[in-house]
Amino acid sequence: QEQLVELGGGLVQPGGSLRLSCAASGRTFSNNAMGWFRQAPGKEREFVAAITSFPYSTFYTDSVKGRFTISRDNAKNTVYLQMNSLKPEDTAVYFCAAKIKRGTYYDPTTFGSWGQGTQVTVSS
């Protein structure tokens, strides 16, 4: 089972950028689709982006399309989330996870091995 550690959160002004990384310790990283989710206070955890194993197809929720980019480096067992043009509504704890079940990428119950999360705050 993968163990995941997210890094890269912080405080950024609206319009700014952050790059999150998620390092995996397991031996099956390259075989897993990986996803990023976020959870704002008082809200449910929501899907942000996902990337498959080869051929590395990507999926995004509508609110981040054109602003966020998910990528992976299998040699480093790491998945990234580049976030540009950040908005206050992007403020949340961001989690990465490995896809462990069939089903839609939008459903967090199809993911496992959740990291501890990293806080992203977009505020002036």
Sequence neighbours excluded - salt bridge (charged side-chain N to carboxylate O under 4.0 Å, His left out) pairs with any residue from residues 50-68: D62-K65, R67-D90
Measure across A49 and L81 and return the closest heavy-atom pair with its distance rounded to 0.1 Å. CB-CD1, 4.1 Å
Which pairs with one or both residues in residues 47-60 pass side-chain hydrogen bond (donor to acceptor under 3.5 Å, both in side chains), sequence neighbours excluded? Y56-N74
Stepwise side-chain contact (heavy atoms from CB on, under 4.5 Å) check, E6 with L20: CA-CA 7 Å; E6 301 97 336; L20 306 183; over 6 Å; no
Quick one: are V79 and I70 in side-chain contact, heavy atoms under 4.5 Å? yes
Apart from L11 itself, its cluster of hydrophobic side chains linked below 4.5 Å comprises none
For G9 and V120, which heavy atoms make the closest approach, and how far apart are they? CA-CG2, 4.1 Å
Quick one: do M34 and L4 satisfy side-chain contact (heavy atoms from CB on, under 4.5 Å)? Show the steps, please. CA-CA 11 Å; M34 300 295 295; L4 305 175; 4.0 Å; yes
For residues 64-105, pull every pair meeting ring pair (Phe, Tyr, Trp, His ring centres under 6.0 Å), keeping only residues two or more places apart or in separate chains. F59-Y105
With no hydrogens and no angle check, is any side-chain donor or acceptor of Q39 less than 3.5 Å from a backbone partner on A92? no
Shortest non-hydrogen contact from V93 to Q119? CG2-OE1, 3.2 Å
Do F37 and L18 belong together in a cluster built from hydrophobic side chains that touch within less than 4.5 Å? no
May I ask you to check whether over 12 heavy atoms, not counting those of E44, lie within 6.0 Å of atom CD? no
Those residues that, when tested against T61, pass side-chain contact (heavy atoms from CB on, under 4.5 Å) (two or more places apart): F47, S63, V64, Y106
Considering all heavy atoms of both residues, which atom of P108 and which atom of W114 are nearest to each other, and what is their separation? O-CZ2, 3.4 Å
Any idea which heavy atoms bring S123 and P14 closest together, and the distance? C-CD, 3.6 Å
Qualifying salt bridge (charged side-chain N to carboxylate O under 4.0 Å, His left out) pairs, either residue in residues 96-123, two or more places apart: none
